Engineer: 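First the structure, then my questions, so here it is.
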Number of protein chains: 2
Amino acid sequence: MSSADADADWSIQEIARLSGATSRTLRHYDDIGLLPPSRIGGNGYRYYDEHALARLQRILLLRELGLGLPAIAEVLEGQTSNTDALTTHLHWLRQEQQRLDRQIGAIETTIRKLRGGEQLMAEEMLDGFDHTQYKQEVEERWGKDAYAKSDAWWRGMSADEKESWRARAERLGSDWIAAVASGIAPDSDDAQALARRHVEWLASIPGTPGAHRDYVIGLGEMYVADERFGANYGGTEGATFVRDALRVYAEANL
Amino acid sequence: MSSADADADWSIQEIARLSGATSRTLRHYDDIGLLPPSRIGGNGYRYYDEHALARLQRILLLRELGLGLPAIAEVLEGQTSNTDALTTHLHWLRQEQQRLDRQIGAIETTIRKLRGGEQLMAEEMLDGFDHTQYKQEVEERWGKDAYAKSDAWWRGMSADEKESWRARAERLGSDWIAAVASGIAPDSDDAQALARRHVEWLASIPGTPGAHRDYVIGLGEMYVADERFGANYGGTEGATFVRDALRVYAEANL
DNA sequence: CTAAACGTTGACGCTGCGTCAATGTCAAGC
DNA sequence: GCTTGACATTGACGCAGCGTCAACGTTTAG
């Protein structure tokens with residue numbers, strides 16, 4: 001009979017799995033009165049029916065939108081309408097976003113200042129390279145004019161082009177940092193995909209050897225050796241990861 | 001002698017005022033070992049010298065950029081370089097921003113769905129107006145074709161124009177909500193400036209009476225009476241504030 | 001009958017202080 | 001020498017939303 005289904009209720013773990021919330025969360029919602037169980041067994045166990053499940057779904061939906069539990073409670077009590085609550089919350093989110101915008105701008109400015117100048121990216125890159133132990137090797141292999149060529153390329157760009165290039169470099173750095181944070185290995189598929197992107201990015205800089213095996217490997221070493229470069233990849237730890245990933249990639253594909 | 005100045009140190013309240021932090025914050029920084037006082041009196045009082053003050057300034061600077069106290073400690077200990085810490089933090093801020101972006105998008109979508117359709121803004125505005133107690137008065141004064149005209153105006157806009165108009169309306173709503181939250185009075189200068197903006201915005205909609213005294217006042221009443229409009233201003237409370245501000249403005253200027 | 005799985009009620013932890021509370025100290029004026 | 005007010009101290013709770021033990025009953029499958 002279907003009445004058996006209609007009267008059914010579930011244990012705390014069962015709705016936890018049905019809804020995606022944890023049992024701890026459900027007990028918390030009970031504690032603060034947001035979602036009391038529909039029934040409590042003689043053993044103290046909490047049981048929930050489909051009514052409670054529906055209420056839970058609404059709670060989780062609003063929570064995903066970022067509303068606080070008290071605000072959610074007001075909506076469910078009918079004291080506040082959905083649109084009212086969401087509009088208010090939307091406003092607060094916009095404030096937060098502006099705050100982040102300002103912080104990001106301030107940090108970018110600070111980082112650039114710490115580097116000692118805005119347009120030194122390219123100079124630093126090759127200048128830094130020269131500072132490494134690989135200087136001789138590089139000059140022998142790719143010529144002493146590599147620096148000059150790249151410098152001319154950089155100076156030839158418009159401000160917008162420079163900004164776009166910088167943004168691209170930052171996105172790459174951001175992804176490297178995320179990769180490190182996620183705990184994957186340098187030889188994993190994801191890391192190797194990043195390495196490929198990195199090499200393609202390098203190849204887009206004229207005057208450099210580009211996708212050349214020893215150049216890529218040497219560059220990786222430099223990221224670790226020179227803090228100014230490592231900073232783009234989340235510091236020494238990140239730079240080490242990038243170096244290892246690049247080496248694996250270069251030895252396998254270049 | 002200048003040596004008297006060089007050896008000076010300050011009480012906790014004094015550096016609090018010098019730095020802008022509160023004394024509670026300073027005691028907290030002492031508790032967690034982030035900024036110990038340079039000297040502790042026999043009475044247990046904390047005293048700070050110019051060295052400690054400089055350290056405090058660095059702390060506050062990094063804190064403004066959003067870094068956590070443990071991260072700041074690492075930087076000051078020299079375990080992490082400035083650029084490393086800032087780059088890592090920058091990455092985390094970007095993640096947060098994307099999260100907010102997604103939430104904002106989801107909420108806007110939800111609100112529009114709740115309203116029952118995207119492009120009903122203008123229709124709702126005048127339709128809702130008609131539903132109020134002011135319908136007769138409005139029709140008598142401004143003619144029955146006001147709705148039709150405005151409807152035609154809205155439908156004549158391109159998608160981009162509509163979006164831009166919607167964004168403008170949302171910014172206005174956002175500012176109203178901020179005004180209410182800040183606790184100012186409806187007849188304050190700031191609120192009246194908003195009212196002016198609001199009226200100018202109204203006047204930009206063809207087919208409406210625009211900056212007409214009774215129209216503006218009646219519209220304000222409608223915001224309170226009809227929840228669909230009040231939602232744009234943070235709910236009933238916000239709508240009431242807008243109504244009062246508009247009335248004051250209209251009676252004084254129109 | 002037993003072990004595994006699941007249930008319960010506490011209670012601490014995290015971020016960065018704001019905010020009392022209870023109490024001691026110091027400088028200035030009478 | 002005493003009072004007063006400003007300033008100092010060390011706790012300790014509170015906030016948002018659960019995660020994470022801990023210590024201990026209950027149900028269920030084998």
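As the structure is a computational prediction, the values presented were derived from the model and not from experiment.
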Engineer: Rounded to the nearest Å, what distance is computed from the CG atom of residue B:D30 to the P atom of nucleotide C:dG16?
Structural biologist: 16 Å

Engineer: Looking at B:R196, I want to see if its CZ is surrounded by more than 12 non-hydrogen atoms of other residues, nucleotides or ligands under 6.0 Å.
Structural biologist: no

Engineer: Under 4.0 angstrom, heavy atoms only, what part of the nucleic acid is B:I12 near: base, sugar-phosphate, or nothing?
Structural biologist: sugar-phosphate

Engineer: Describe the nucleic acid contact of A:Y29 in one word from base, sugar-phosphate, nothing, applying a heavy-atom distance below 4.0 Å.
Structural biologist: sugar-phosphate

Engineer: Rounded to whole angstroms, how far apart are CZ on A:R63 and P on D:dA16?
Structural biologist: 16 Å

Engineer: Can you check the A:Y47 OH to C:dT8 P distance for me, whole Å?
Structural biologist: 8 Å

Engineer: For A:T22, report the nucleic acid contact type (base, sugar-phosphate, nothing); a contact means any heavy atom under 4.0 Å.
Structural biologist: sugar-phosphate

Engineer: Indicate, with a heavy-atom threshold strictly under 4.0 Å, whether B:S11 touches base, sugar-phosphate, or nothing.
Structural biologist: sugar-phosphate

Engineer: So what does B:G41 hit on the nucleic acid, given a heavy-atom distance under 4.0 Å: a base, only sugar-phosphate, or nothing?
Structural biologist: nothing

Engineer: Round to the nearest Å and state the distance from B:L34 atom CG to C:dG16 atom C1'.
Structural biologist: 12 Å

Engineer: Between B:D31 and A:L67, just flag the one whose closest nucleotide in DNA chain D comes earlier from the 5' side.
Structural biologist: B:D31

Engineer: Between A:R46 and C:dT9, is there a side-chain N or O to OP1/OP2 distance below 4.0 Å?
Structural biologist: yes

Engineer: Would you classify B:L69 as touching base, sugar-phosphate or nothing, given that sugar-phosphate means primed atoms plus P, OP1 and OP2, and contacts are heavy atoms under 4.0 Å?
Structural biologist: sugar-phosphate

Engineer: Strictly by side chain to side chain donor-acceptor pair (under 3.5 Å), give each pair with a member in residues 183-192 of chain A just once, sequence neighbours left out.
Structural biologist: none

Engineer: Closer than 3.5 angstrom, by distance alone: can the side chain of A:R243 be matched with the main-chain N or O of A:L219 as a donor-acceptor pair?
Structural biologist: no

Engineer: Between A:R27 and A:R17, which is nearer to the 5' end of DNA chain C once each is assigned its nearest nucleotide?
Structural biologist: A:R17

Engineer: Of the listed nucleotides (C:dC17, D:dG17, D:dT26), which one gets closest to any side-chain atom of B:T25?
Structural biologist: C:dC17

Engineer: Calculate the interatomic distance between A:L26 atom CG and D:dG17 atom C1'; express it in whole Å.
Structural biologist: 13 Å

Engineer: Expressed in angstrom and rounded to an integer, what is the separation of A:W92 atom CH2 from D:dA16 atom C1'?
Structural biologist: 12 Å

Engineer: Check whether A:Y47 forms a cation-pi arrangement with A:R39 (NZ or CZ under 6.0 Å from the six-membered ring centre, at most 45° off the ring normal).
Structural biologist: yes

Engineer: May I have the distance from B:E14 (atom CD) to C:dA27 (atom P), rounded to whole angstrom?
Structural biologist: 12 Å

Engineer: Hey, is the side chain of B:N43 poking within less than 4.0 Å of OP1 or OP2 on C:dC26, counting only N and O atoms?
Structural biologist: yes

Engineer: Could you please name the option among D:dG19, D:dT9, C:dC17 that lies closest to any side-chain atom of A:R24?
Structural biologist: D:dG19

Engineer: Taking C-beta and beyond as the side chain, do B:Y233 and B:H198 meet within less than 4.5 Å on heavy atoms?
Structural biologist: yes

Engineer: Nearest-Å distance, CD1 (A:I40) to C1' (D:dT26)?
Structural biologist: 16 Å

